[in-house]
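Heads up: the structure comes next, in structure tokens.
Note on naming: letters A, B, ... go to the chains in the order of the sequence lines (proteins, then strands), and numbering restarts at 1 for each one.
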Protein chains: 2
Amino acid sequence: MARRRTERSGGGDRPRDRLPSAAWLLAQVGAHAAAKFAERLSALGLSPPHAGILWALSTSGGLSQQALAEHLDVLPSRLVALVDELEERGLVERRDNPDDRRTYALHLTSPGRTMLEAIGRIARTHQESISEGLDAGEREQLAALLLRIADQQGLRRGVHPGFRSLGRGRRRKER
Amino acid sequence: MARRRTERSGGGDRPRDRLPSAAWLLAQVGAHAAAKFAERLSALGLSPPHAGILWALSTSGGLSQQALAEHLDVLPSRLVALVDELEERGLVERRDNPDDRRTYALHLTSPGRTMLEAIGRIARTHQESISEGLDAGEREQLAALLLRIADQQGLRRGVHPGFRSLGRGRRRKER
DNA sequence: CATGAATCATTCATATTATGAACGATTCTT
DNA sequence: AAGAATCGTTCATAATATGAATGATTCATG
């Protein structure tokens, strides 16, 4: 355990310890995948949570912020700022809900749908980049294994915290 | 929460959209694995970066903070606080380096080694929990695929940012 | 059809972290 | 010996998570 002297040699021995466990690799590779996706996304001026919102609204338009927050596993107070930013850029609309004037009905705008397509292209590029080096069969194998774990661990589809992003200012909203 | 008709007739109540891609799953499952490991570690009052430091010093004692920071891909200014905390708890020692009085030679203490064993136990429990539901062959398969990706993406062994932790106060250090 | 409980979007306060500039001490270069 | 570079450290700034508090609105129920 005690290493020899000659500390300063540094490169003395390789850090090629025992081989990493699946769980460790999972966390490392997963963090890398998330970070790289966020980086690509930032070219559109979006963060992963932003993309998650647009994606969710593409199939479930008219959601309230509360429902969306739960769906994405984000705090409602945080969602306010995210929707603010998307609305400022004209990608999302807060329509009044005639059935319940406390809530909004969130909808994708036409530019929002266009943006979603750009996100899709980025996601495909990202996917390709990550699984570069794996053939089709191996990719399927990997996805299947991960899906088993996800199901077994009871994972939601929300954008799991643990991502990087950008983020800017706020906005006001009077009732 | 009337979900009105949306553009997508298929919306329904089932969020069973298209099947997720490998890259997406990787980020989700990876974030989950990291978060769960951090949670287990917190029982020891440690964060993943703490554990990473102890782990690194177990095989490379005598490192300087600068070298360790690069090895773990942590900012040196951040490492100061992390080492402070470990030193306060007597797990790590800052020995003077006779060859270069600007630097410290970081070493694991005896309690530090004991703590490392506890971390090892937690890591094994974690590993078991994550890959629960996969048989031995599948676990190996998964690890092999992830390792291929890690190598191909040029990943370091550092604790990738994107983890949760605890963290407390600071300390002083006069020259 | 009142009225208190609950819900929704929002604001606010607190805590943690990332990030990089700046600094004093020390070593290296020439 | 003088200036550049390195090391550990401090400091300031920005972003985020988190939960309490707030005002508007709806709901439950007598």
Residue set satisfying salt bridge (charged side-chain N to carboxylate O under 4.0 Å, His left out) with B/Glu39, at least two apart, ordered chain then number -> none

Output yes when a side-chain donor or acceptor of B/Ser64 lies under 3.5 Å from a complementary backbone atom of B/Ala105, and no otherwise.
-> no

Of the non-hydrogen atoms in A/Arg94 and A/Glu87, which two are nearest, and what is the gap between them?
-> NE-OE1, 3.2 Å

Could you work out which one of D/dT9, C/dA9, D/dT16 sits closest to the side chain of A/Thr103?
-> C/dA9

Presence of donor-acceptor pair under 3.5 Å, side chain of B/Ser64 and base of D/dG8 | no

Hey, is CD on B/Glu128 packed in by over 12 heavy atoms from elsewhere, all under 6.0 Å?
-> yes

Let me know the distance between CG of A/Asn97 and P of D/dA24, rounded to the nearest Å.
-> 19 Å

Answer yes or no: side-chain N or O of A/Arg102 and base N or O of C/dT7 forming a donor-acceptor pair under 3.5 Å.
-> yes

Heavy-atom closest pair (A/Pro76 atom, A/Gln66 atom, distance to 0.1 Å) is CG-OE1, 3.7 Å

Atom CG of A/Asp73 and atom C1' of D/dA17 are separated, to the nearest Å, by 12 Å

Please check the phosphate of C/dC28 (OP1 and OP2 only) for any side-chain N or O of B/Arg101 closer than 4.0 Å.
-> no

Separation of atom CG in B/Leu106 from atom C1' in D/dT9, rounded to whole Å = 14 Å

Residues A/Leu72 and A/Ala56: closest non-hydrogen pair is CD2-CB, 4.3 Å

Provide, to the nearest angstrom, the distance between the CG atom belonging to B/Leu75 and the P atom belonging to C/dT16.
-> 19 Å

Give the rounded distance in Å between these two atoms: CG of A/Asp100 and P of C/dA9.
-> 8 Å

Tell me: CG of B/Leu82 to C1' of D/dT9, nearest whole Å?
-> 14 Å

Angle separating the five-pair end axes of the helix from C/dC1-D/dG30 to C/dT30-D/dA1, nearest 10°, is 20°

Report yes if a side-chain nitrogen or oxygen of A/Gln66 is closer than 4.0 Å to either non-bridging phosphate oxygen (OP1 or OP2) of C/dT7; otherwise report no.
-> no

Would A/Gln153 and B/Ser129 satisfy side chain to side chain contact (heavy atoms under 4.5 Å, CB included), going step by step from the backbone distance to the final call?
-> CA-CA 9 Å; A/Gln153 301 277 319; B/Ser129 153; 4.3 Å; yes

In whole angstrom, give the distance that lies between atom CG of A/Leu68 and atom C1' of C/dA9.
-> 13 Å

Return the value, rounded to whole Å, for the distance between atom NE2 of B/His50 and atom C1' of C/dT16.
-> 13 Å

Looking at D/dT18, C/dA18, D/dT9, which one has an atom nearest to any side-chain atom of B/Arg94?
-> D/dT9

